[in-house]
Amino acid sequence: FDNFKGVGRPATPAEVKAWDIDVRPDFKGLPKGSGSVDQGQELFEAKCASCHGTFGESNEVFTPLVGGTTKDDMKTGRVKGLSSGELPQRTTFTKVATISTVFDYIQRAMPWTAPKSLKPDEVYAILAYMLNLSEMVPADFVLSDKNIAEVQKLLPNRNGMTTDHGMWPGAPAKKGGIGNGGVPDTANKACMKNCKQEVQIGSTLPEYARTAHGELAEQNRSFGPVRGTRTLGPEAA
Amino acid sequence: FDNFKGVGRPATPAEVKAWDIDVRPDFKGLPKGSGSVDQGQELFEAKCASCHGTFGESNEVFTPLVGGTTKDDMKTGRVKGLSSGELPQRTTFTKVATISTVFDYIQRAMPWTAPKSLKPDEVYAILAYMLNLSEMVPADFVLSDKNIAEVQKLLPNRNGMTTDHGMWPGAPAKKGGIGNGGVPDTANKACMKNCKQEVQIGSTLPEYARTAHGELAEQNRSFGPVRGTRTLGPEAA
Amino acid sequence: GAALTAPLAARASEGDANILQNPAWTTSLGQPVAARPYGMPSQYESQLLRRESPGLARVGGASVSFAPLQGLFGIITPSGLHFERHHQGWHDIDPSKHRLMVNGSDDSLLKKAKVYTLDELMRLPSASRIHFIECGANTGLEWGNVAVPTVQYTHGMLSCSEFTGVPLKYLLDDCGVDYKKARYVLAEGADGSSMTRTIPMEMVESGEVMVAYGQNGEMLRPENGYPLRLVVPGVQGVSWVKWLRRIEVGDQPYATKDEAVHYIDLLPNGLHRQYSSVQEAKSVITTPSGGQTLLDHGFYNVSGLAWSGRGKIKQVDVSFDGGINWQTARLEGPIQNKALTRFNINWVWDGKPAILQSRAMDETGYVQPTYGQLRKVRGTKSIYHNNAIQSWKIIESGEVSNVQVL
Amino acid sequence: GAALTAPLAARASEGDANILQNPAWTTSLGQPVAARPYGMPSQYESQLLRRESPGLARVGGASVSFAPLQGLFGIITPSGLHFERHHQGWHDIDPSKHRLMVNGSDDSLLKKAKVYTLDELMRLPSASRIHFIECGANTGLEWGNVAVPTVQYTHGMLSCSEFTGVPLKYLLDDCGVDYKKARYVLAEGADGSSMTRTIPMEMVESGEVMVAYGQNGEMLRPENGYPLRLVVPGVQGVSWVKWLRRIEVGDQPYATKDEAVHYIDLLPNGLHRQYSSVQEAKSVITTPSGGQTLLDHGFYNVSGLAWSGRGKIKQVDVSFDGGINWQTARLEGPIQNKALTRFNINWVWDGKPAILQSRAMDETGYVQPTYGQLRKVRGTKSIYHNNAIQSWKIIESGEVSNVQVL
Ligand code: HEC
Ligand code: HEC
Ligand SMILES: [Ca+2]
Ligand SMILES: [Ca+2]
Ligand SMILES: [Ca+2]
Ligand SMILES: [Ca+2]
Ligand SMILES: [Ca+2]
Ligand SMILES: [Ca+2]
Ligand SMILES: [Co+2]
Ligand SMILES: [Co+2]
């Protein structure tokens, strides 16, 4: 069949505009606009702080947005705490390598209970405030579609990503793709007999974890080949 | 695996006795006992007539138990109405070829709301009454495990069954099985082009049948490639 | 009509309001995970239910509810919409009190009669297989003439599930059955009717017959025999004894009520066929089908189901002109033994009247018969095993209705 | 223990009271057909539910509920128990108001952007296929050490369904996409998060990626994306965008939040792997499994699931001694591309401690790695894509618990 007669219709320009709001790493899709750190602080306190904390530091509702990045990381474009193991937790800015990602996500999804309620200028302002909290821009900074590409060059983890792995299909990077062409990390063998000398136990279930998921006896059928182990209450082992 | 260690246990004789109540055409499994037409009538009126009618003739709850058989059928063992087309409806006794079937079924399943409540003597009595209603035995008849094989010889449709068909697997009758060895009735061909001259419509949906199943518009999704046809109400075609 | 197609078209020159204004679900926070620890279909799916056919049975406890095939996809029947056929109602049996007994019509037919609990049965080697189940009376209302309007009522005593259980042969082996002598198996249920049917030992020996506890990943539903039912692939549903509590091996068939008074096929010569069991190859188009109306001319995916009690489906052909010309449909794979097979075929409806048919062929080479061919042998009063080619007529208005082509 | 096995044994010399006295369901009339026009599981199945792992997520709208794999059979996940992962909660979307738009990051990438209604999409050629879906974070809690007690929490972000829908390629063809230039697809949802993910065009071109509306015979459940979701076989669940409303073709990947901040795999060198998508071969024994206790010594059917994002499962081996010796398990067929595969193996438990493991091999020859092998490359902070061999330790009491063998 060369066409599906009667199925679908062209999208109008207004329709595409209404839904095509994504912003790519090369800033394709970025709306025009601007906003200052000050404006952003006001907006953030009003619309974001209740969940993310006044300084984007809260762990209450979600992992913190900011923190864990250093001036040095901004130079190298690699968050050092990720390899040194000193990072207490991975905040958004310790991970993100593309500033477009944060703009795009706030614009499409935040605030959580009122997604898509922000105007472009508001998104710029809020992002400016978050960049200031991350010590990437000064307090009098005005972020806009004109200068966001400059900010990208300061992102602490901008060089922190690799696509050199086997979990993206298609050609390897050297042949125009972005992965390694599908080569897996490990090469276990299907050994069948006397495959090793001894069994090395790396970890066993901690006692608190055994009971942290409620009464396991009640998470299995009360008939069948096994019973759920009684983990709570007087009968528990 | 030659055994399933730890699984299952021998059934006790009492257990087998409690559940093995089936009665076969050769009367294997038939309990000892007896009952008269008179006793049967009393029991039937008390326990069966509300659903099946005093004479087993009711069509209210289920198709009638008795009726439609003739003295002549009893001689031939073939209910003539089945081939002549004169039978208004097929009652139990117009069809059944094995009296064991009726005994077995009443014993296991009737009365409908109190299955397995009848003692063997009661089943004999009720069956005696039903045989009398069918004019197979006289009013003073006492049915028992001793004479039931004689009654079998009078069943109006006792010669009315065939297993000469392809819908039972295994060897054909001539090689020890009971079917024809799996030969189907029809042999259509997968003709693809110009397979016939014209389309002969044998039957179309009667108007009353179109609306007898409720509003068809409400028996389909309200989206998708089609809608249920509106068959009732003002908008119906 | 224009009213029906309105939602398809842009509502204003600017575009569709459903796009230009974000809907509520795009601008708000939704419900949390596990809001429904056991989920249910959307509220917008409430029109697809299992339904009785009015006047078919007098009491609901000995009746049928039909699966809404007109709205189903693929081959797995949602367990909540699986067709029902009960003879004395359904119960929700306590599995801790349920037992399975295996005994012989005669002690000489096995080494020992045994009793199994669910705890024990579920320890045995299990198999999981996808099979269709069709009532022998499916399409039985249509032997004489067109009688019901939709595929739910013409073909809805049909479902297909992934069953998990123990091959019955393992239990018979465990009891030391003498297969030379014991050529028949009686299966008995634990409901009020204690439904009994004779099963051919050949099918048990093949390993296909299972004592199933699982259906579509979970335990059987109560309406389908919880906690145990017999699965007899390819054979009519009445043999798939529900609430299974006893298996007896015997040297003769049992002529139980539902194989001596019902599920017997009346022939024109007045004889009834007894022990008719296998469901022969059959198919039906489910979209579009009777009681539906096409919204528009143009492209359609015509979709349906094919199955055979004798093995795999090999080919399904579809006709749009009442059986004069045929085209081979796509089969969705993998095509499995005694399972529903979904077929699809492209079609452009030009708005003219059409008669749609499908015709299944199974791996034995058997081709589904026409009404003319089938009635020539079986007449019109057989009740059971009607596997004739189904026809749906489409008229200019788009309305689809049930017709029979000879 | 004796208390546990009591129901297995005859209660008196005469026999089991459950046999000697007929139970109530055998001596009474049950409920009528269609008592429940849409059926539900037995009341005795109420312990198998999808559940959250306490402390895993702070809010239910951006959390996970796990499927109770410890009690499931075969490969089809009952839709009511399908695992959930939402980022901004779930909605029950009105399908008559839902639209799917296809556009380009650039007008030059396609001939025309189009809008489709459900009425229209469901007219297109459809395919039905069984596929697993696994969250990239499945087993993620266990990267560093044993953290959770049961297979529901270790592996329960895993389900498998028969999906029906339109191959996405047909829609892209219909819009005249320039496949030379457009090598990436952005899929976008209609929920609050408007979830977006980049999909490789290679997978779309293969015909495997589908815009699905059907799941296990009926429409998708609301929690799983009703009325449309993308099906990306073999790829982690987050790419299977739910409540799908837009498809954009582009010449670059999009680095959306859930592929630039989450679903990125931290390596020991501090780099994160981006666009890791394919789920590599993996398996787990579900019966017996952590948090269960064996009732008795003797015969057991050991049962589990295997799957691979790279194709079919070829072989599953099981060890009872912590990986020193292995035996090949039975695979329940048909074995399908990027679908769960159920395996079973016989075992007689002699009452001594044992460590059970399963090891999957897929059609590419890839063998599921040990924890030791995997950590050597990926360290312990990867969060995503933990496909290491799972071990269950059984002690004398019959209690099974979660351990890691290197
Ligand atoms: C009612 C609670 C709430 C409010 C208010 C809220 N957020 Fe969020 N935010 C969340 C949750 C929950 C997530 C995680 C969502 C997910 O899992 O996809 C999140 C995620 C984010 C993320 C992504 C972080 C990451 O690492 O994935 C950013 C950035 C963000 N929010 C910014 C904002 C901004 C800016 C505002 C105000 C304009 C805001 N949020 C308001 C709850 C909230
Ligand atoms: C409450 C209603 C009710 C009562 C009381 C009742 N029956 Fe029935 N009987 C039925 C129904 C309904 C069926 C059909 C069951 C089925 O579909 O399997 C039936 C079926 C039968 C059949 C099988 C008929 C056939 O052709 O399949 C026999 C024989 C029978 N009953 C005899 C009896 C006898 C004898 C009694 C009393 C001891 C009795 N019934 C009491 C409702 C009743
Ligand atoms: Ca149109
Ligand atoms: Ca035991
Ligand atoms: Ca017997
Ligand atoms: Ca049936
Ligand atoms: Ca775009
Ligand atoms: Ca996921
Ligand atoms: Co019947
Ligand atoms: Co996330």
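Proteins come first, then strands; the chains are lettered A, B, ... in the order of their sequence lines, and each starts at number 1.
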Which portion of C:Leu141 sits near chain B, non-hydrogen atoms under 4.5 angstrom: neither

- prompt: Does any heavy atom of chain C fall under 4.5 Å from the side chain of B:Val79, the backbone, both, or neither of them?
  reply: neither

query: Relative to chain C, which segment of B:Lys28 carries a heavy atom at a distance below 4.5 Å: side chain, backbone, both, or neither?
result: side chain

- request: Run the salt-bridge test on B:Glu15 and B:Arg9 with the 4.0 Å N-O cut-off and return the result as yes or no.
  value: yes

statement: Assert top hit (heavy-atom pairs under 4.5 Å, partner chain C, pool B:Gly182, B:Gly160, B:Cys51) equals B:Gly160

message: Any carboxylate oxygen within less than 4.0 angstrom of a Lys/Arg side-chain nitrogen, looking at C:Lys381 and C:Asp265?
response: no

message: Could you walk me through whether C:Thr364 and C:Asp362 satisfy the side-chain hydrogen bond (donor to acceptor under 3.5 Å, both in side chains) test, starting with their C-alpha distance in whole Å, then the side-chain angles of each, then the deciding distance to 0.1 Å, before giving a yes or no?
response: CA-CA 5 Å; C:Thr364 71; C:Asp362 69 18; 2.5 Å; yes

task: Assess the pair C:His262 and B:Phe62: is the distance between their ring centroids shorter than 6.0 Å?
output: yes

task: Report yes or no: do C:Tyr153 and B:Gln219 form a side-chain donor-acceptor pair below 3.5 Å?
output: yes

statement: Cut-off 4.5 Å, heavy atoms of chain B, and the answer for C:Arg359 is side chain

Choice from B:Gly228, B:Gly170, B:Pro25 maximising heavy atom contacts with chain C below 4.5 Å: B:Pro25

field: Residues B:Asp22, C:Arg246: salt bridge by 4.0 Å N-O rule
entry: yes

message: So for C:Arg183, is it side chain, backbone, both, or neither that comes closer than 4.5 Å to the heavy atoms of chain B?
response: neither

- prompt: Of the backbone (N, CA, C, O) and the side chain (C-beta and beyond), which part of B:Asn59 lies under 4.5 Å from a heavy atom of chain C, both, or neither?
  reply: both

task: Check whether the side chains of B:His213 and C:Thr150 place a donor and an acceptor atom closer than 3.5 Å, and report yes or no.
output: no

Contact class of C:Phe66 relative to chain B, heavy atoms under 4.5 angstrom: neither

- line: Among B:Cys191, B:Ala97, B:Ser100, B:Gly179, the residue with the most heavy-atom pairs under 4.5 Å to chain C is B:Cys191

query: So which part of B:Tyr208 gets closer than 4.5 Å to some heavy atom of chain C, the side chain, the backbone, both or neither?
result: neither

- line: When the 4.5 angstrom heavy-atom criterion is applied to C:Thr370 and chain B, the contacting part is both

statement: The interface call for C:Val148 against chain B, heavy-atom contacts under 4.5 Å, is both

Any donor-acceptor N or O pair under 3.5 Å, side chains C:Gln70, B:Asn220: no

task: Sort B:Arg78 into side chain, backbone, both or neither according to what part of it lies under 4.5 angstrom from a heavy atom of chain C.
output: side chain

field: Contact origin within B:Lys80 toward chain C - heavy atom pairs under 4.5 Å
entry: neither

task: Flag the pair B:Arg108 and B:Asp104 as a salt bridge only when some basic side-chain nitrogen lies within less than 4.0 angstrom of an acidic carboxylate oxygen.
output: yes

- prompt: Non-hydrogen atoms of chain B under 4.5 Å away: do they reach the side chain of C:Tyr170, the backbone, both or neither?
  reply: both

- prompt: Which answer fits C:Ala147, side chain, backbone, both or neither, if we ask what part of it has an atom under 4.5 Å from a heavy atom of chain B?
  reply: backbone

task: Measure distances from C:Ser319 to the heavy atoms of chain B and classify the residue's part below 4.5 Å as side chain, backbone, both or neither.
output: neither

message: Could you check whether C:Arg51 pairs with B:Glu218 (Lys NZ or Arg NE/NH1/NH2 to Asp/Glu carboxylate O, under 4.0 Å)?
response: no

query: Tell me, side chain or backbone of B:Ala217 under 4.5 Å from chain C's heavy atoms, or both, or neither?
result: backbone

Check ion pair C:Glu45-B:Arg221 (N to O, under 4.0 angstrom): yes

message: With a 4.5 angstrom heavy-atom cut-off, is it the side chain or the backbone of B:Thr211 that approaches chain C, or both, or neither?
response: neither

query: Salt bridge between C:Glu248 and B:Arg24, side-chain N to carboxylate O under 4.0 Å?
result: no

message: Testing the basics here: between B:Pro169 and C:Pro200, what is the closest heavy-atom pair and its distance to 0.1 Å?
response: CG-CG, 3.4 Å

query: chain C heavy atoms under 4.5 Å from B:Thr186: which part of the residue, side chain, backbone, both or neither?
result: both

